[in-house]
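Since the structure comes first, as C-alpha cells, the remarks are kept for the end.
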Amino acid sequence: DSNTDINLVDESSPIIQAFKQYQNELDTKHDKHERLVKLSRDVTLESKRVIFLLQRIAGGTDENKNNVLKEADTKLQAIQDDHFRKIALELDGEDPYQFLKAYTAGMQEYIEAVTFFQYHKDQSLTNHLTIQRQLQFTQNCPTDETSNSTLPNVENPKLPKLDIQDQPVKPLDSASCESSYHDSQISAIKTIEVLVTPLDYILGVADLTGEIMRLAINSVKTGNANFLFQLCDFMREIHNAFISFGNIHREIRRKLNVLQQSLKKVETACYTLQIRGSEIPKHMLADVLSGKTMD
Amino acid sequence: DSNTDINLVDESSPIIQAFKQYQNELDTKHDKHERLVKLSRDVTLESKRVIFLLQRIAGGTDENKNNVLKEADTKLQAIQDDHFRKIALELDGEDPYQFLKAYTAGMQEYIEAVTFFQYHKDQSLTNHLTIQRQLQFTQNCPTDETSNSTLPNVENPKLPKLDIQDQPVKPLDSASCESSYHDSQISAIKTIEVLVTPLDYILGVADLTGEIMRLAINSVKTGNANFLFQLCDFMREIHNAFISFGNIHREIRRKLNVLQQSLKKVETACYTLQIRGSEIPKHMLADVLSGKTMD
Amino acid sequence: MSQISTTSDIFTDFRQFLNADQELREDIRVKVRDLEQTARDILTILQAVHQPEGIKECSAICEKAKSKFDIIRTQLTALIAVIPQGQYYRFHDHWRFLLQRLVFLVAFIEYLETETLVTRESISEVLAIHVVRDDGFHIDLEDFLMGLLQMSSELSRLAINAVTAEDFSRPMRIAKFVGELDSGFRLLNLKNDSLRKRFDALKYDVKKIEEVVYDLTIRGLKPKTEVKETKE
Amino acid sequence: MSQISTTSDIFTDFRQFLNADQELREDIRVKVRDLEQTARDILTILQAVHQPEGIKECSAICEKAKSKFDIIRTQLTALIAVIPQGQYYRFHDHWRFLLQRLVFLVAFIEYLETETLVTRESISEVLAIHVVRDDGFHIDLEDFLMGLLQMSSELSRLAINAVTAEDFSRPMRIAKFVGELDSGFRLLNLKNDSLRKRFDALKYDVKKIEEVVYDLTIRGLKPKTEVKETKE
Amino acid sequence: MSQISTTSDIFTDFRQFLNADQELREDIRVKVRDLEQTARDILTILQAVHQPEGIKECSAICEKAKSKFDIIRTQLTALIAVIPQGQYYRFHDHWRFLLQRLVFLVAFIEYLETETLVTRESISEVLAIHVVRDDGFHIDLEDFLMGLLQMSSELSRLAINAVTAEDFSRPMRIAKFVGELDSGFRLLNLKNDSLRKRFDALKYDVKKIEEVVYDLTIRGLKPKTEVKETKE
Amino acid sequence: MSQISTTSDIFTDFRQFLNADQELREDIRVKVRDLEQTARDILTILQAVHQPEGIKECSAICEKAKSKFDIIRTQLTALIAVIPQGQYYRFHDHWRFLLQRLVFLVAFIEYLETETLVTRESISEVLAIHVVRDDGFHIDLEDFLMGLLQMSSELSRLAINAVTAEDFSRPMRIAKFVGELDSGFRLLNLKNDSLRKRFDALKYDVKKIEEVVYDLTIRGLKPKTEVKETKE
Amino acid sequence: MSQISTTSDIFTDFRQFLNADQELREDIRVKVRDLEQTARDILTILQAVHQPEGIKECSAICEKAKSKFDIIRTQLTALIAVIPQGQYYRFHDHWRFLLQRLVFLVAFIEYLETETLVTRESISEVLAIHVVRDDGFHIDLEDFLMGLLQMSSELSRLAINAVTAEDFSRPMRIAKFVGELDSGFRLLNLKNDSLRKRFDALKYDVKKIEEVVYDLTIRGLKPKTEVKETKE
Amino acid sequence: MSQISTTSDIFTDFRQFLNADQELREDIRVKVRDLEQTARDILTILQAVHQPEGIKECSAICEKAKSKFDIIRTQLTALIAVIPQGQYYRFHDHWRFLLQRLVFLVAFIEYLETETLVTRESISEVLAIHVVRDDGFHIDLEDFLMGLLQMSSELSRLAINAVTAEDFSRPMRIAKFVGELDSGFRLLNLKNDSLRKRFDALKYDVKKIEEVVYDLTIRGLKPKTEVKETKE
Ligand SMILES: [Mn+2]
Ligand SMILES: [Mn+2]
C-alpha cells in the first residue's frame, strides 16, 4: 500500500509488477517475524517470573507450597492462553520452522518454567507431548472485544496432536478477530498450535537443571537428605541422558557444560550433608536440623 | 500485586516489607525497559523503510523526487508522533540515560533516516538541535480514543529545548491517556521529550554515510558529475571530522572504518567518471550520458 | 494416559529423535551434494557463452544446458521424497545455496533464450517443484531474489565479453534489462542481511554495464536499431 | 534560524562536546578513585572484626570506621558537584562499584552496631546523598542490593571467625538475619545479570552459616538464651 | 588446442582424486561417529559408579562396560582398514577426541578394577591397536595423556560421591593415586597448549581431593586401617 | 611403593619422548623458515616482470630465479632428512604454506618460459621430491592447487602491467590460459574450505583479465594477428 | 609482633611505589593523548590534498601542516622528560601508535614535498628525538616501518584522487615510488605479526596503483614526457 | 636511479637489524625455557611438603630444593648476558611468568624455613640479580607481588594438608601469616589488572584457612599453647 502512489518506475513493466508483489510478500513476512519476536519476549519475561515464584518454595516441605503452585499454574495458563494463542494465530498456515528463530528463546524459557512447575508438583519430568498439547487451541473468537487481555472463550482442548491446518490466518493487528471469525463460519471450529520442537524441549530441560540446582542448594539447610538426594538423582538422570546424546548440536553441547557444573554443585551439597551427619547418630540428625531438640 | 497473596515469609518482618517495595520497583523498571525495547524495534523498522524509500530516488535529478520526499516526510512525522511520543511518555520524569540502551538502536536508525531525508531536500546536514526539537511534544491527550494509531491532537511545538519535567507519567498500557489527561488538568500543557544524545546523533550520521555511498554509486550512471562530486565532498567533510575526533568511543572508531571504506568507493566512482570522460570532449559528455545524441 | 512417561522414556524418545534426525540430515546432505554437482556441470556448460565464439552459439549452449535439467528434476524428486511434510524450513540451510544457484541457472538460460525475466512459475515448472509454500517444496522468495542477483553479475560479465566478441547490441539490451531489475530491487525493504549485501553489489554490476554502453556510445558503436523490441 | 548550521559548525560543536565529555569523565574518574581509596581504608579497618580479639571490640572498630565517613562525604560532595543535572545514569558505570562498596560498608557497620538491616534512607543519610532519583544523586536500587549481598558474604565469614573467637551466640543471630535477607531476595524477579549471579552466591553463604549453626547445635554449644530478641 | 585437452585432462584426474578423497573422509567420519556412539554408551554405563549404590557394585559395572569393547574393537578394525598407509596424521583431527575418550574409559575401568595406572600397552591390547607409531594405527602420546587427565577429573568427582555413599576409604586411595599422577605430569615439559591447560585442571582436582581427605580427617572418619591393602 | 616408581618411570619415559618431539618441531621450524626466506628471495626476483622493462627481459629474469633453486633443493633435502617416516601429515601445517608458495614459483616460471601449465611431475623434479605420497615427501594435491591459484592472481596482475608496458598481445594469451585453468577448477568438487575460497578469487581474476581484453578490443588495440602463435 | 610491623612496613613502601607508578602512567597517558590530538590535527590538514583543488596547492598544505610540528616537538619534549631512564619499552604500548602515526605524517609530507623516502634521521630531526635506542627516546624500527606502510595506503588513495583532479602524471610517479617501497619490504623477513599483515595491505595498494596506471595508459592519458623530471 | 639504490640500501640495513632481533628473541626464548624447566623441577621437589610424611621433613625438602638454585643462577646469568642494556622491558613478556614463579619458589622456601616473609633483597641475593631497576636485571614489583600471591595459595593448600598430617598448630600459624599478607595487600592501590584479579584469589585463600582454624576450634583440636612460639 505504502509506496504504490510513487511513480518512480515504468509501472507497466512486468519486472516492476513482479517486484511489487515481492515487496508485499517480504514486508508481510518481516512484519510477522517482528510480531513474533515481541510475543516471544513477553513469554520469556512471564516465564522467568513463574520460575522465580517457584524458587520461593523452600525445600520439599514448605507449607505454602500449594498456594505457590496454584499461583504458578494460573500464570502458566495465562501465558498459554494469552501469548501462545497469539503466536499460534500468527503461525497458522505457516511452516513453523520458518519463524522458529523468532520465538525459540521464549519457548525454551517457557518449557523451563512448565517442567519446573511439574517437578514441584510430583517430581516428574513433563514430556514433550504434554507441553505440545497445552499449546494447541481451538480457534473460537470472542464476539466483539478488541482488547488483547483475557480471552475467556478460548478453550485449551487437550486433544490428541493434530496436523497443522493449511489455511492461513490474517495477522492479529488488522482486525484479526473478524477475519478469523469469518473463517470459523466456513470451517467450524479448528485447532491451531505452536509447534514445540524436540530441540527446544530438550534445551528447555537443560535449563531446568539450573533451577533444580538452585533448589537443591536452598534445600541443604532444611537437612532433608532424602529430598536432596532425590534432586541429585533427578539431575544425574538428565546428565547421563545428555552425555549419551553425542555432539549433535552446538547448543546441547554448551548446555551440557553448564549442566555438569550444576551437577557437581548438587553432588557436593549431598557430600556436605553426608559428612555433616557423620558426627552424630543418624536418628538425631533430622531433629537437630528441624530445631526440635537442644534449643 | 502478583505475589502478595502468598504467605511464604514473615510478613511483619521489616526486611520482608522492604523487599516487597524493592520487588515492585524492580518490576516497574524492567517492564518499562521492555516496553521501550519494543518501541525501539518499531522505530528501527519504520526508519529503515524511509531510508529504502529515499534510495529509490535515482541521482540528483529524479522527477519523482518531490513525491518521494513528501511521502518520506509523512512517514517520519508518523514515527515522531506515534512511536517517539510513546517513548517520551515512558521517559517523562526519568533520567533518560537510565533507559538509553533500550532505545539507542532505534534512535540511531531514525537519525540516519532524518538526516538522509534532509540531505535529499537541500544537501545539508540536519543538526542535533533540530532533531531534538522534533522529539519534543506537548502532552495533550485525545478525548476518548483507545487506539495507538493517529494522534491528531499532538502538536510538535518546535519550542526551545526545555528541561525534563520532574513529574512521572504512568505507563501507557494501563489506560495511560486517562491518567495523563488527569495530570494535564493539574499542570496544564507540559512538554515532554526523547533525549537525543550527541553520541547517538554522531553515530547516526556515521551510518548516514553508508546511504550516501549507495546513492553515489547509483548516481554514476546518470553521468551527473557535479552531483557525484558534491556527494564526495560531503562524505569527505564528514570523514575529515571523524578522523579529528580521536579514539574517544569504540563505536565511533568502528564506524570510522566503515566510513573510510565507503569514502574510498565514492572516490573511486569519481575517478571512474573522470577517466571515462577523458576520452571525449567535456561538453559532449552530459549529452552522451543523458542519451540525447547519437541514438 | 500415555502422556505420563518416565524420565527414562522421555530421553530414549529424544535420542531416537536425534538419531533419526541425524540420518535424515545425512541423507539430505548427500542428495544436495549430488544436486550441487549437477548444477556445477550446468554452469560449466553455460560458461561457454563468455567465449568469443560462444555468444553466437547461444541457443545451442542453452539447449545443452537444459538437457541436464532432467537429472536435476530426478535428483530434486529424490530429495523432496525424504523431507517430512511442512518442514521445509527446518532444513532450509541445507539447500538454500543450491536453490539460489538453480534459480540463477534457470533465469540465466531464460534470459539468454528470451531476454525476459524468469518468473517463479517458470522456475517451478522447470524444476518440477511448487510455486508457493502451501503446496509443498518451493523456492523461498529471498533465495529466488538471490538467484536473480547472481544472474545480473553474470550478465554484467557477459556485456563485457559480448564486446570482445564484437556483438555490440547485446550490451545495450543487457543494460536495459539489468536496469529494470535494479529498479525492481529498489522497491524492496531489505534487512541488513546477505540479500541486502548482495543487492549492494548489484549497483556495481549496473555501473559496469553502463560503462560499456558509454564506451560503445562515444565510439559510435551503438547499433542504430533501438533496443525497444527485444527479440523473442 | 540558529537551527541551520553548516556541517563544519556541527562537527566543531560535537568535537567540543567530546572534549568536554572527556575532561568531565577524567575528573569523575579521579574523584571516584579517591573515594575508592577511602572505602578501601574503611574496609581494612573493619577487617579487624575477624580477628579473635576483634569481635569483642566491635563497637570501637565501628567507631573508627565511621570516623572516616567525613572524608567520604566530602569526596562525594566534590563528585556530585561535577555531575550535570539529570545525567546520573550517563556516568553510572563510573561509580557503580564504588556505591555498591559503600552500601556494603554502611550496612555492615549498621549490622555490627544494631543487628538490623540498613535502609536506603540511613545510607543516604550517612553518605549525605538523596534517597530517590528525582531528588538528585542517589543509589540505584540494584547497586543497593549488590551492597547487601556483599555484606552477607562478609557475615558468613564473620560467623566462622566468631566461633574461632569462641563467641557462640553471634552465629545464631547471623543465621537468622541472613536467612531473612535470603527470603527477601527471593521475592525479587531478577534478570540474568550480575545481581542474579551474585544472589546465587548468597545461597552458599546461607548454607555455610547453617553449617556453623549445625556444628554448634550438635555439640551443645548453642546458647540457651534464644535469638528471639536481637540486642539493640 | 592440445593445451585445452591437457589442462582439462589433468583436472579430470584431480577431480577423481579429490572425489575419492572426499569419499574416504566421509567414510572415516561415519566410522568415527559410530565409535563415538559406542564410547558414549560405555561412559553412560560407567556413570553408575557415582550412584550411592553404584560404588558397591563397581566390578559388575566394569564387567558390563567391558563387554561393550568387543563392539569398539570391531568398529576400530573397520576404521583402520580404510586409512591409507602413513596417513594417520592426515586424519588425526577426525579421531583425536575419540581416542582420548577411549583412553579415559579404559584407564577408568582399569583403575576401578585394580587401582593402578593403565599402561599404553594395556590400552593397545584392549583396543587391539598398535603401541608405537611405526607399527601402524596407534595412540598419540598427547592423546593418551589427555585421556589420563580426563580420568583424574572423573576420580575427583568419584571421591566426593564415595563419601556420600559412606565409603570413606576410597577417597584416601584416590588421593594417593591422583597425587602420583600429578607428580608424573609435573615431570613433563608441556607447551602452552590444550594439554597444559588440561593439566592445570588436574592441579585443581588434586586440591579438591585433598580437601575431601581433610574433611574426613577432621571428623575422624579416616579409616584407621590405612591404605595398605590396596592392590599394588 | 612399586606403584609410585612405576608411575614415575612411565612419566620419565614420556618426558624424554615429549622433549625429543619438541626439539624436532623446533628443528623443522628453523628449516622451514630458511626455505621461506629463499622462496621470498625468488619471488622478489620474479617481481621484475611487472616493471615496464621487465616484461621484455622475461627469460633473463626466469634464469636468475631458477638459479636459486639449487638452494631450495639443498634446504628441502635437509628438511626431509629430519622428518620421521610416515609422519608427513603430523607436521603438515609447518610446511603447507611453504609448499604452496614453491608450487606457485615453479608454475609461474614455467608459464613465463613456455606458457604452459606446470605438471606435478615437473614440480617434483625441480624440487627433487616425490610425486606421490607413498614414495615419501611429496606435495599434497590441495597445496598444489593452491599454488596454481596463487599463480593466476599473479597472471591477472601481469595482464594489467603488460598493457602498461604496451605489450598488447600478452593479455590475450593470459586470458586464454587462465580461462582454461578456470574451466579445470570448475571440474573439481571443492569443499567449503580455503581452496574453495581461493578459487572464488580466481573467478575474480578471470573477470579482471576479461576486462583488460575488453579494454583493448573496444579501443582497437587488440592485435590483429590472433593468439595462434603462442608457444605450445 | 615485629613480624606484623615488618609486613606492614614493606607493603607501605610498595604502596608508595605503586602509587607513584600509577601517577607516572597517568601523566604519560595525558601527554600522549595531547600528542595524538595534535597528530590528528595535522592529519586533518593534510587531508586537503585529496580535494580536487588540494593537489595543486600541495606545498601550501604541507607548510601549514609543518607549522604544527612545533607543538609536537614541545609536547614530545614534555613526554620524554617524565620517562625514567631505560624504561622506554616499559611504556612502549602507550606511544607505539602515536609514533607510527607521526612517522606516517612526516613521511607523507616529505614525499609530497620532495617525492623521496624519508629517512629515520630526518624523522628524528623533525621530531627532535634520537635515532638509535641507546641514545634515549627513539622510534622503534617496527613502528617506523608501520608508519611507512600507512603512508603507502594514503598514496594509493592519492593516486586515485589525483586522476579525478586531472593530474595524470602524479599516479605514474606514485606507482614508481610505492613499487620501490614494495621491493624494499620484500627484503625483510617479517614475522607473522601486525607488520606482516600490514605489508599484505601494501601489496594490495601496489596493485591498485598499477591499475590506475593501466587505466591512464589504455586511454592514452599517460603523459608523454616521462617521469624523468621528478626530483631524485 | 639513485633513489632506487637508496631505498634498497636502507631496507638492506633494516633486514639485518630485523634478523638480528629475531635471533635474539629466539635465544632468549630458549634460555627462558630452560629456566622454566629448572623452576618446574624445584616445584616438584617442594610438592613433597603436602604429603603426610612430607610436612615433618620440611627442612630436608627445602635443602634439596635450594641445591637446585645453583643451576637457576647459572641459567639466569646466561640469560642476562644476552639482554641489551636498557631493554629489559622490551622482552619483559618473555620472562615475566618465569620471574613470578621464581619469586614464589624462593618465598615459599623462606616461609617453610623461617616462617617469615621474604624480602626483595633476599630474592635478589638468592637469584644473584639486582634489586632496583636502575642497576640492571631485576624483578619488577608487580611480578614480585604476583609471586607472593602464588605462595599464599600454596600455603592455603598446606594448611589443609597439615591437618591431614595431624599437625594442628601449623594451620594456626599459616592463618596468622597469610592474614598479615592480606592486610599488606589491602594497603595497595591495585589497578584492575591481573594483580588485582590474583589478589581476589588471596581473599579466597584467607577464607579457606579461616575455615580450617574454625574446624579445629569447634572440634577442640586447636593446640592450647598459642601461636606464640612460632619462630620469628
Ligand atoms: Mn533459568
Ligand atoms: Mn543504513
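For chain E, the nearby part of E166(H) is the side chain; its heavy atoms alone come within less than 4.5 Å. The contact between N161(H) and chain E is made entirely by side chain atoms (from C-beta outward), counting heavy-atom distances below 4.5 Å. For L216(H), the parts sitting under 4.5 Å from any heavy atom of chain E are the backbone and the side chain alike.
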Residue pair E210(E), R157(H): steps toward the side-chain contact (heavy atoms from CB on, under 4.5 Å) verdict: CA-CA 8 Å; E210(E) 285 175 354; R157(H) 195 182 151 207; 2.8 Å; yes

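Between R40(H) atom CZ and L188(E) atom CG the span is 9.0 Å, to the nearest 0.5 Å. From L190(E), atom CG reaches atom CD of E36(H) across 11.5 Å, with rounding to the nearest 0.5 Å. The structure places CD1 of I160(H) at 5.5 Å from OH of Y214(E), a figure rounded to the nearest 0.5 Å. Taken from CE in M172(E) to OG1 in T164(H), the straight-line distance is 7.5 Å, to the nearest 0.5 Å. Note: S156(H) OG to K207(E) NZ = 4.5 Å, rounded to the nearest 0.5 Å. Atom CD1 of I218(E) and atom CZ of R219(H) lie 5.5 Å apart (nearest 0.5 Å).
Crowding of K64(E) atom NZ: a count of heavy atoms from other residues, nucleotides or ligands under 6.0 Å not exceeding 12. Residue K197(H) places its NZ atom among 12 or fewer non-hydrogen atoms of other residues, nucleotides or ligands, all under 6.0 Å distant. Around OH of Y89(E), the count of heavy atoms belonging to other residues, nucleotides or ligands within 6.0 Å exceeds 12. Counting heavy atoms of neighbouring residues, nucleotides and ligands inside a 6.0 Å radius, atom CD of E57(E) exceeds 12 of them. For OH of Y204(H), the number of neighbouring non-hydrogen atoms (other residues, nucleotides, ligands) closer than 6.0 Å is 12 at most. The neighbour count for Q22(H) CD, taken as heavy atoms of other residues, nucleotides or ligands under 6.0 Å away, is above 12.
Of all the listed residues (H50(H), K208(H), R33(H)), the one sharing the greatest number of non-hydrogen pairs under 4.5 Å with chain E is K208(H).
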